[in-house]
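Just follow the structure's listing: the first ligand is 1, and inside any ligand the first atom is 1.
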Amino acid sequence: MSSLEQTLSIIKPDAVERNLESEIKEMFKNKGFKILKEKKIQIDKSEAEKFYKIHETKPFYNDLCTYLSSGPIVVMTLERENAVLGNRELMGATNPQDAIEGTIRKKYGISIDKNSVHGSDSIENAKIEIDFFFKD
Ligand code: CMP
């Protein structure tokens, strides 16, 4: 049975600012991901709050939303077999200090906040997150 999936990926402000966009996209392509849709945008804080609503009760919520809206980001719909899990494996642990060799966050992440990329954590959230940025 085929399990072709789509997931949402964000290249966060710290990575866009360091011009890592093409290197990171290359890492996705090397792992077999197809970039179906992409756009470079800057969102405002209220949009970031909506996007990260799932984290609204967390102590880091305010800083997280301020950060995501602090500069340009690249949002992408990625497609591959098992895309959701595959993307999480390629990104590595949320905290770059815990990420293993070969992952995006190990290579480029600076801190738990400036961890270079976001990826959907489930198929259900992937649909919601793709719609959030690409529904028109
Ligand atoms: P991301 O995958 O984009 O999802 C939520 C983000 O919150 C996460 O990456 C981190 O960048 C950020 N964050 C900050 N502090 C924490 C924390 N203690 N635990 C999890 N995520 C955190």
Salt bridge present between K31 and E89 (N-O < 4.0 angstrom)
no
For F60 and ligand 1, does the shortest N/O to N/O distance drop below 3.5 Å?
no
Looking only at protein heavy atoms, which one is nearest to atom 3 (O) of ligand 1, and what is the separation?
Y52 OH, 2.6 Å
Closer than 4.0 angstrom, basic N to acidic O: yes or no for R18 and D14?
yes
Against heavy atoms of K12, which atoms of ligand 1 measure under 4.0 Å?
1 (P), 3 (O), 9 (O), 11 (O)
Could you list which atoms of ligand 1 come closer than 4.0 Å to a heavy atom of H55?
4 (O), 5 (C)
Taking the basic N atoms (NZ, or NE/NH1/NH2) and the acidic carboxylate oxygens, is any pair closer than 4.0 Å for E47 and K50?
no
Residue pair D113, S111: steps toward the side-chain hydrogen bond (donor to acceptor under 3.5 Å, both in side chains) verdict
CA-CA 5 Å; D113 302 298; S111 65; 4.5 Å; no
Please work out whether any backbone atom (N, CA, C, O) or any side-chain heavy atom from C-beta onward of R88 is under 4.0 Å from ligand 1, and answer side chain, backbone, both or neither.
neither
Decide whether I24 and I73 are clustered together by the hydrophobic rule: side chain heavy atoms of Ile, Leu, Val, Met, Phe, Trp, Tyr closer than 4.5 Å, transitively.
no
What protein heavy atom sits nearest atom 14 (C) of ligand 1, and how far away is it?
D113 OD1, 3.3 Å
Can we say E23 and K107 salt-bridge, meaning some charged N sits less than 4.0 Å from an Asp/Glu carboxylate O?
no
Got an N/O contact under 3.5 Å between T94 and ligand 1?
no
Distance to 0.1 Å, residue and atom name: give those for the protein heavy atom nearest to atom 6 (C) of ligand 1.
L64 CD1, 3.5 Å
To the closest 0.5 Å, what do you measure between OH (Y52) and NE2 (H118)?
5.0 Å
Among all protein heavy atoms, pick the one closest to atom 10 (C) of ligand 1 and tell me residue, atom and distance.
I112 O, 3.1 Å
